[in-house]
Structure formats: C-alpha cells, structure tokens
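What follows is a single structure, written as structure tokens, with notes after it.
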There are 2 protein chains.
Amino acid sequence: MARSVAPRGSARTRVIEAALVQFAEYGVNGTSLQMIADHLGISKASVYYQFHSKDEIVLAVIRPVFAEIDQLITEVEMLPAGAPRREATVAGLVEMAIRHRRVTAIFYGDPGIDHLVSSDPDCSGINERFKRVLAMAEEDVATRVAMSLAISGIYGSAMDPGIADISDEELREALLQCAKRLVG
Amino acid sequence: MARSVAPRGSARTRVIEAALVQFAEYGVNGTSLQMIADHLGISKASVYYQFHSKDEIVLAVIRPVFAEIDQLITEVEMLPAGAPRREATVAGLVEMAIRHRRVTAIFYGDPGIDHLVSSDPDCSGINERFKRVLAMAEEDVATRVAMSLAISGIYGSAMDPGIADISDEELREALLQCAKRLVG
DNA sequence: GTCTATATGTTGATAGAC
DNA sequence: GTCTATCAACATATAGAC
C-alpha cells in the first residue's frame, strides 16, 4: 500500500453527506445544488467537479441504502416463506431505520427519488425484488395490508420529530414490539 | 335563490383538483404551475387569475384536509384520555385515509407542504392541537411509538401502489384490524 | 375568464482561469 | 480542486388585450 489512504472526509464524501441532510429536510426537488454548495461553503462548480449531474448525487446518496435492502432480501430469502420471512424482513427494516434514523426515512415516498429509482436499473431491480419477496404467495388481504402498514410505519415513525427524544435503543425495542403485533 | 348555482366544476375547483392530483404524483416542489395549467388545457395566467400565488393553491388544497383533522380532534377530545381516545383517533384517521386514498397521503411528509403549514397560523394551530391531543399525558414510550407508527403507517399504506388493488371496504377493515392490534 | 407577452429570479450545467 | 463568469431552460408572477 504505497498509495496514501483517501482523506477521511473526502470532498466527494462531504458532498454526499451534505446532500443527504438537505434531501432529508427539504426533499430532493426542494434541494438545489446551490444549497448543497452553500452548506459546504464551496461553489456550485466545485460540486460539479465531483458529480456530473444532480441525478448522480442522488444516486450516490441512495445507492448504499439500496445495497442494504439488497442484502436484507438475500438474508430473508433463505428463510421459509410466510411468517418467518415476514418477521425477519420487518426486523431488518427496523435495524435500518434505527441505524439511519430521520435520514433514510425521507427517501420512502420522495417523488424525486421514486422517479430516479424507476429509471435506474440497479435500484429498480432491487425494488422489484423486494416487492416480490414481500408479496410472495400472499393472497391474504389482512397480511398484505399489515406488511404495508408496518413498512411505511417503521420508516415514518423513525423520522417523526414527535418521538425524536426517544433513544435508539428504546425506539428499536418499541418498533420491534409493534412489528411483532402486526405481522407476528 | 335568484342567483344561479356555481357550475359544478368551477374554474377554481378544477384548479384545486388538478393540483391535488399532480401534488400527489410529483410532490409540491415537483409540480409547476405550468404543469397544472397544461393538465387543465389552459394557460398559466388563467391559473393566476384564480390564485395569486402557488402557496395559495397549496393552502386551498390542504385546508379541507386540516378541517377534517380539526373536526376529528374535537370529536376525540370529548372522549376520556388514554386508550378510548387513541382508538377513536386512529379509527378516524383510517376513515380519512380511505376517503381520500392515495391523495391525502402524499401530504404526510411532503417537505413543500410541511414548510407552508408551519408558516400558516390555521394549519400549524391545528397541527399543534393534534400533537397535543396525541401526546396528552403519555409517558409510555411503547404507546407513543405505536401511535406514531400507526399514523404514518395508515397514510403510507393507503397510498401504497402495491395494495392499490384492494377495495376500500377491505382496506378499511384491514387497517382497523392493524390499528386495534397496535393501540387497542 | 382566458389569452399572449413579458419581467425577474433560480435552476442545472459548462467553460476556462488559477 | 476550487474559483468566477456564463449559459439556456425553467420557475413564479404580472401587465394588458380580448
């Protein structure tokens, strides 16, 4: 390893992190490159040196999230379909929601992200895979609704300012308890 | 009643309805006045004849929703605090989510709307009142999380395309069942 | 009530100096 | 890698004719 390690907070990484924060607060369509640049104290052109377009920034932000979902799918696919798989899925989503808390959550339902996800092969592929693993042989209306409510509820409550005072550990426990009541 | 009745689809009403549809699909920040005008087959200037600004359109769209929430609060406030009030609240929200299905839902979490709500006295007042009636004397972490998850889950699942094939009646029943398991 | 035309600012994005 | 300067496209919003 003669080559020196990339600085801990590389310019590229800082752009991604600044974008993440602003996207979470103002949404993708409500966040301009000027806002991201101002937040970093640099110019728009410097942001464009790292990314060719806004879409590239958005993709760089959501890619790790989709990678996590992809891994979660792989894990739950090894479980038998039905209740065990459902329970592992919501438990995994609770971990993700806690880990990112109030940040990842925004992406669930952001129209600016939805559009980009649809046009990106990798993301939409994972998206389809996720939907497939969830709907697998599920004819039961009650179960399908419960899963849908659990997923959007987990993300929605993780970012709810009204319960922001609750610690990660307490929130995780409470969410798992809710999930168990819904799909267990 | 010498004066003739306003046409069923007045120009103003049509603008509101067109905005509602587009806001739900693209978000407030992702919807331009040009898009609304095009959707109605009229010009931007005609839209501005009905509303002085985009914010006015957004307010006109969300006001009825907040009026419904206001009424719901008044109803549940007459109930004893605790479980009975919580159950009535989620039941009322289920009715609202079903009634609007896939439309009202977007407003829950749209950054463009959140910002406007905060700056509008009426809306933010109702918002505060709603939060107060929910948090009333609730120290129990599990209950607070369950309520948060139920609320965002109800709205989120009502707009979930993955369960759009389920009829309103079936969805209402399934959501009420979920709500009961969470807060009952 | 609707239109065309326009004013004014902001957006995403590029060129080129340092 | 960062900057200033600039672009075309689009945003909200207004003026005034019909």
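Labels below follow one simple rule: chain letters A, B, ... track the order of the sequence lines, proteins then strands, and each chain is numbered from 1.
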Review point. Looking at residues at least two apart in the chain, or sitting in another chain, which of them share a side-chain contact (heavy atoms from CB on, under 4.5 Å) with A/Leu72?
Key: A/Glu75, A/Val76, A/Leu93
Check your understanding: Do A/Phe130 and A/Ile151 have side chains that get closer than 4.5 Å, going by heavy atoms?
Key -> yes
Check your understanding: Which parts of residues 29-40 of chain A get close to DNA chain C, meaning a heavy atom less than 4.0 angstrom away?
Key -> A/Thr31, A/Ser32, A/Leu33
**Study point:** No-hydrogen, no-angle side-chain donor-acceptor test under 3.5 Å, A/Thr74 and A/Arg129
**Key:** yes
Practice item. Could you list the residues that satisfy side-chain contact (heavy atoms from CB on, under 4.5 Å) with A/Arg14, not counting sequence neighbours? Key: A/Ala11, A/Leu40
**Study point:** Any donor-acceptor pair under 3.5 Å from A/Thr31 side chain to A/Gln22 backbone
**Key:** yes
Practice item. Keeping the roles fixed (side chain from A/Asp110, backbone from A/Val28), state whether a donor-acceptor pair exists under 3.5 Å. Key: yes
Practice item. Return yes if some donor-acceptor pair links the side-chain N/O of B/Thr13 with the main-chain N/O of B/Gly9 below 3.5 Å, else return no. Key: no
Output a table of nitrogen or oxygen pairs between the protein and nucleotides 1-3 of chain D separated by less than 3.5 Å.
{"from": "D/dC3", "atom 1": "OP2", "to": "A/Ser43", "atom 2": "N", "distance (Å)": "2.7"}
{"from": "D/dC3", "atom 1": "OP2", "to": "A/Ser43", "atom 2": "OG", "distance (Å)": "3.0"}
{"from": "D/dC3", "atom 1": "OP2", "to": "A/Ser46", "atom 2": "OG", "distance (Å)": "2.6"}

Expected list for residues 171-184 of chain B: side-chain donor-acceptor pairs under 3.5 angstrom, two or more places apart:
{"from": "B/Arg172", "atom 1": "NE", "to": "B/Glu95", "atom 2": "OE1", "distance (Å)": "3.2"}
{"from": "B/Arg172", "atom 1": "NE", "to": "B/Glu95", "atom 2": "OE2", "distance (Å)": "3.2"}
{"from": "B/Arg181", "atom 1": "NH1", "to": "A/Leu182", "atom 2": "O", "distance (Å)": "3.0"}

Review point. In residues 52-66 of chain A, which residues come under 4.0 Å of DNA chain C by heavy atom?
Key: A/His52, A/Ser53, A/Lys54
Study note, to complete from the structure: Rounded to whole Å, the OH-P distance (A/Tyr48 to C/dT14) equals 7 Å
Study note, to complete from the structure: In this structure, NZ of A/Lys44 is separated from CD1 of A/Ile36 (nearest 0.5 Å) by 11.5 Å
Exercise for review: Check whether any side-chain heavy atom of B/Glu139 lies under 4.5 Å from a side-chain heavy atom of B/Arg144, and answer yes or no.
Suggested key: no
